Amino acid sequence: MKKIYDHIQVEEKWQKFWEEENFFQQTDVVPAGMEKDYLLFAFAYPSGSGLHVGHVESKTALDILARFKRMNGKHVFFPVGWDAFGLPAENYAVKTGVPPVVTTKNAIDTFRRQIKRLGISYDWANEIATNHPGYYKWTQWLFLKMYQKGLAYRGKGMVNWCPQDQTVLANEQVVNGKCERCGTQVIQKELEQWYFKITEYTEELISGLDQVDWPKPTKEQQLHWIGKKNGIEIEYPVEGTDQSIICFTTRPDTNFGATFIVLAPEHQFVRDILDKKIPLTEEQEKHLPKLARYVQQTAEKTELDRQAEGKRKTGVFTGFYVLNRLNGKKLPVWISDFVLAGFGTGAVVGVPGHDLRDFQFARTFDIPVIRVVVGPDKNEGEITDESQVQEEAGHMINSEFLNGLEIHEATEKMMDFLEDNGWGKRTVSYKLRDWLISRQRYWGAPIPIVYDPQGNAHPVKEEHLPWMLPTDVDFKPTGESPLKSSKEFFERTERLYGKGWTPECDTMDTFVDSSWYYLRYTDSRNESAFADKEKMAKLLPVDMYLIGPEHIVLHLLYSRFFTKFLRDEGYLTFDEPFMKMRHQGMILGPDGKKMSKSKGNVITPDEIIEKYGADTLRVYEMFMGPLESDKPWDTGSVIGVYRFLQRIYQLYQTGVTEKEAPGLVSALHATIKKVSEDIPELKFNTAIAALMIFINQWEESIKKAKVGINAENANAFLKILAPFAPFLSEEIYQSLNSSAKNLKKSVHYEEWPKHDPKQLIQEKVVVVIQVNGKLRGEVEIPQEDINNQEVVIAAATSSPQVTKWLEGKEIVKEIYVAGRVVNLVVK
RNA sequence: GCCGAAGUGGUGAAAUGGUAGACACGUCAGACUUAAAAUCUGAUGCCUUCAACAGCGUGUGGGUUCGAGUCCCACCUUCGGCACCA
């Protein structure tokens with residue numbers, strides 16, 4: 001009778017065994033002569049709803065890699081932790097009054113239990129959670145380090161404000177004008193906020209990408225985000241004043257076609273007019289009310305309003321003119337919200353003939369349009385329609401000394417000319433801004449700053465770290481930081497710093513927590529440093545980072561910034577934290593849509609493990625398709641993997657024989673080769689297919705000839721199966737070798753088998769025959785003739801399948817690809 | 001609009017420029033069973049067909065090549081990201 005593999009009982013048994021024996025806990029030192037391998041996954045936010053099958057994918061993938069590398073003699077560092085600060089826990093607290101520290105702990109406990117059931121071989125001894133005072137003490141310490149170096153600063157600025165969450169959002173956290181978290185329309189607000197000066201490292205954030213092995217599209221997205229543009233700042237004197245307006249442009253070649261200037265409503269010059277710091281003529285005074293109203297309106301506009309406006313241009317004339325020194329023309333100065341205060345100089349020179357937005361603006365306000373570029377259509381006439389606006393290619397006209405030049409040549413010549421005359425200066429502009437880290441939230445690390453009675457900022461003293469997050473707060477959103485409601489927090493500040501001193505009540509963006517967690521892993525219990533320098537030098541940088549594509553821009557940019565800063569401070573010896581990075585795709589619901597509670601398409605690992613076991617879940621998810629692509633979950637298909645594992649278990653009852661089938665042994669070596677090649681490339685789906693093929697062959701051999709493979713080879717197969725199905729392979733390994741003398745403690749401590757190339761050599765090779773590129777037959781060629789073209793061609797042309805296609809034809813060409821294909825070209 | 005990725009059976013998917021559809025699900029037929037589930041065996045791209053070693057087939061249209069899912073050009077569709085960035 002067949003023995004049924006009882007996954008529940010078996011998996012519990014080995015999970016307990018591995019845990020009791022501290023199987024995968026690393027000593028924190030890399031043993032001499034061993035190469036380290038640091039495998040990292042993006043630590044998760046422990047949400048209340050627990051793990052879903054999507055979480056399982058990346059964890060399993062890296063676990064397979066970890067086990068494979070251990071068996072290949074690497075010192076694997078595979079830590080785990082929790083990105084535990086964040087909004088959901090706090091929102092839950094607002095609703096229910098349960099403190100975030102409680103919900104977070106419960107959520108982590110659930111996650112931990114679920115992950116352990118999956119058999120992920122994490123180094124639990126170094127587990128971290130960013131909400132733990134032992135962790136955020138160092139988050140705060142790093143803030144102070146930045147503060148000392150002038151890289152953390154306080155500044156006034158327009159910020160994105162979410163009225164629902166009652167907090168500031170980074171630009172990156174505003175999606176389509178809505179809050180990334182809750183979907184509420186974001187508005188603009190001016191506030192005093194803390195920033196990190198990431199722009200200090202802009203150039204290195206660009207050049208450092210050359211050092212790392214990341215997917216190309218990821219690098220491109222980062223570059224795009226940084227948005228480096230070479231251009232020139234041109235100075236335009238304002239008529240009737242001693243001021244001038246500076247415009248940034250990448251296309252000064254078109255400057256003879258300039259007909260106006262547009263400022264962002266937030267531009268300093270506009271403020272100066274409104275504040276009457278600039279003497280106004282009577283005529284100019286008349287523009288003031290309109291101007292003031294427009295500035296006011298812009299400030300109140302939400303991102304969504306701006307979007308709803310679409311391309312429709314609005315604006316107001318300031319009453320001022322500047323001088324275009326190239327041709328002595330007067331250009332009217334306008335303001336419009338299509339010009340962004342944060343890019344370039346917040347002022348744009350309007351060339352309506354050759355910039356679509358400028359054209360639309362000129363049309364709306366009846367400003368003249370001048371053609372200075374002739375495009376590939378050779379049209380030199382007036383520009384009257386959007387479709388005629390030539391931006392990308394052509395030659396100059398109506399531009400005096402530039403006439404006839406190709407636009408790129410003209411750009412260079414114009415830049416030289418402007419610089420030579422002192423009217424402009426070449427410059428580089430970036431989209432990247434400093435990182436706004438203040439959050440008016442409770443559940444985060446408090447910013448370690450206190451204010452003296454005069455309101456000046458002072459760093460919290462190092463001996464007062466961790467600067468504890470108070471617990472006596474009111475979670476109800478008031479528009480102000482919840483920490484303001486803590487009596488203890490204010491009392492503490494006065495006690496430690498003096499009467500009238502007050503604490504900073506904002507907390508840090510959770511991206512700060514996650515910008516350095518991979519450093520803390522290396523020395524997670526250190527109480528006197530964020531991590532020991534030597535330990536970091538030994539284990540870092542990260543060798544493989546597996547991360548979802550959603551983190552491409554922010555988290556990676558911030559982490560790289562931290563790394564470069566800490567390197568400059570002498571703590572780190574490398575430039576880039578993540579040497580190799582790959583992305584896992586998303587596991588979609590059975591309906592092909594993103595899994596979400598509200599859609600009711602969430603599959604939990606618990607239900608699958610209950611029914612089929614953790615090994616089945618692991619192997620199924622790896623078998624679904626390429627790691628990096630999005631894949632819909634199909635519960636129906638899980639059964640196939642379940643059957644596969646059951647059949648393996650059955651085979652080991654009957655398939656291990658003293659006499660071996662030679663073809664089977666050779667097939668095993670081919671399988672070892674394939675699996676060994678696929679795992680490092682993260683091609684788990686094809687590795688599993690190879691394992692399945694071998695099991696099919698082995699089964700067939702037993703059925704037909706009653707011969708299988710011997711114990712040694714049977715063990716070899718178990719070893720290559722072990723990373724994928726750790727429980728099943730351990731179970732079989734232990735019972736198969738129960739009488740063996742020098743048994744390793746576990747299959748997972750075994751050495752990875754090597755394939756024997758001699759075993760892969762076939763006696764006969766099938767060569768395919770094509771006639772004029774079409775498949776017409778095949779011949780078997782003995783191994784020794786495989787490189788003898790004459791023999792192979794002769795065999796091919798005399799093959800009965802082929803002769804009928806050659807009848808009455810002349811062979812004009814013979815192509816032979818050794819061991820694969822013959823192509824006969826006939827006429 | 002710009003940047004990026006991807007289009008292959010009923011489904012998830014394989015395929016260093018060299019036998020397209022490996023492997024798996026599903027489906028159909030059969031075995032076992034009172035029956036069902038489970039398990040096992042066989043078939044399964046489409047089409048003509050008694051059967052095909054015949055024809056057609058990797059989003060569309062061209063091209064390069066002895067040979068193209070794979071390389072090149074143009075286009076269509078889907079999905080991600082950015083989006084008035086001067």
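Just so we're on the same page: letters track the sequence lines, and every chain starts at 1. Remember, it's a predicted structure, so these values are computed and weren't measured experimentally.
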[N] - base-pair partner by Watson-Crick or wobble geometry, distances under 3.5 Å:
{"N": "B/G1", "value": "B/C82"}
{"N": "B/C46", "value": "B/G55"}
{"N": "B/A29", "value": "B/U41"}
{"N": "B/A35", "value": "none"}
{"N": "B/G69", "value": "none"}
{"N": "B/U77", "value": "B/A6"}
{"N": "B/G21", "value": "none"}
{"N": "B/U16", "value": "none"}

Result for 5'-nearest mapping on RNA chain B, choosing between A/Q770 and A/G342, is A/Q770

Judged by nearest nucleotide, the residue sitting upstream toward the 5' end of RNA chain B, A/D630 or A/G773, is A/D630

Base, sugar-phosphate alone, or nothing: which one does [X] contact when heavy atoms must sit under 4.0 Å apart?
{"X": "A/I639", "result": "sugar-phosphate"}
{"X": "A/I693", "result": "sugar-phosphate"}
{"X": "A/E220", "result": "sugar-phosphate"}
{"X": "A/G636", "result": "sugar-phosphate"}
{"X": "A/D358", "result": "nothing"}
{"X": "A/K593", "result": "nothing"}
{"X": "A/V825", "result": "sugar-phosphate"}
{"X": "A/K216", "result": "nothing"}
{"X": "A/P549", "result": "nothing"}
{"X": "A/N823", "result": "base"}

Of the candidate nucleotides [options], which contains the atom at the shortest distance from the side chain of [X]?
{"X": "A/R820", "options": "B/A15, B/U19, B/C23", "result": "B/U19"}
{"X": "A/R643", "options": "B/G26, B/U41, B/G18", "result": "B/G26"}
{"X": "A/P626", "options": "B/A13, B/A5, B/C82", "result": "B/A13"}
{"X": "A/W805", "options": "B/G55, B/A24, B/C82", "result": "B/G55"}
{"X": "A/K431", "options": "B/G12, B/C23, B/C82", "result": "B/C82"}
{"X": "A/N685", "options": "B/U19, B/A14, B/A24", "result": "B/A14"}
{"X": "A/L775", "options": "B/G18, B/A20, B/C82", "result": "B/A20"}
{"X": "A/T686", "options": "B/G18, B/A14, B/U19", "result": "B/A14"}

Per the O4'-C1'-N9-C4 / O4'-C1'-N1-C2 angle with a 90° window around 0, B/G9 comes out syn

Distance col, row A/D615:CG vs A/L721:CG, nearest 0.5 angstrom, shows 7.5 Å

Rounded to the nearest 0.5 Å, the CD atom of A/E57 sits from the CG atom of A/L627 at a distance of 5.0 Å

What I want to check is whether the side chains of [X] and [Y] have a donor and an acceptor closer together than 3.5 Å.
{"X": "A/T218", "Y": "A/H583", "result": "yes"}
{"X": "A/E235", "Y": "A/S244", "result": "yes"}
{"X": "A/T199", "Y": "A/D434", "result": "yes"}
{"X": "A/E386", "Y": "A/Q360", "result": "yes"}

Taking the [atom1] atom in each of [N] and [M], what is the distance between them to the nearest angstrom?
{"N": "B/G63", "M": "B/A83", "atom1": "C1'", "answer": "36 Å"}
{"N": "B/C2", "M": "B/A14", "atom1": "C1'", "answer": "34 Å"}
{"N": "B/G45", "M": "B/U70", "atom1": "P", "answer": "23 Å"}

Rounded to whole Å, CG of A/L356 lies from P of B/G1 at a distance of 12 Å

Paired with A/Y620, the ring pair (Phe, Tyr, Trp, His ring centres under 6.0 Å) test is passed by just one of A/F724, A/F644, A/W633, A/Y612, namely A/W633

The ring pair (Phe, Tyr, Trp, His ring centres under 6.0 Å) partner of A/W334 among A/F260, A/F365, A/F269, A/Y294 is A/F365

Would you say a side-chain N or O of [X] is under 4.0 Å from OP1 or OP2 of [N]?
{"X": "A/K774", "N": "B/C56", "result": "yes"}
{"X": "A/K703", "N": "B/C40", "result": "no"}
{"X": "A/K631", "N": "B/G12", "result": "no"}
{"X": "A/R776", "N": "B/A54", "result": "yes"}
{"X": "A/N696", "N": "B/A24", "result": "yes"}

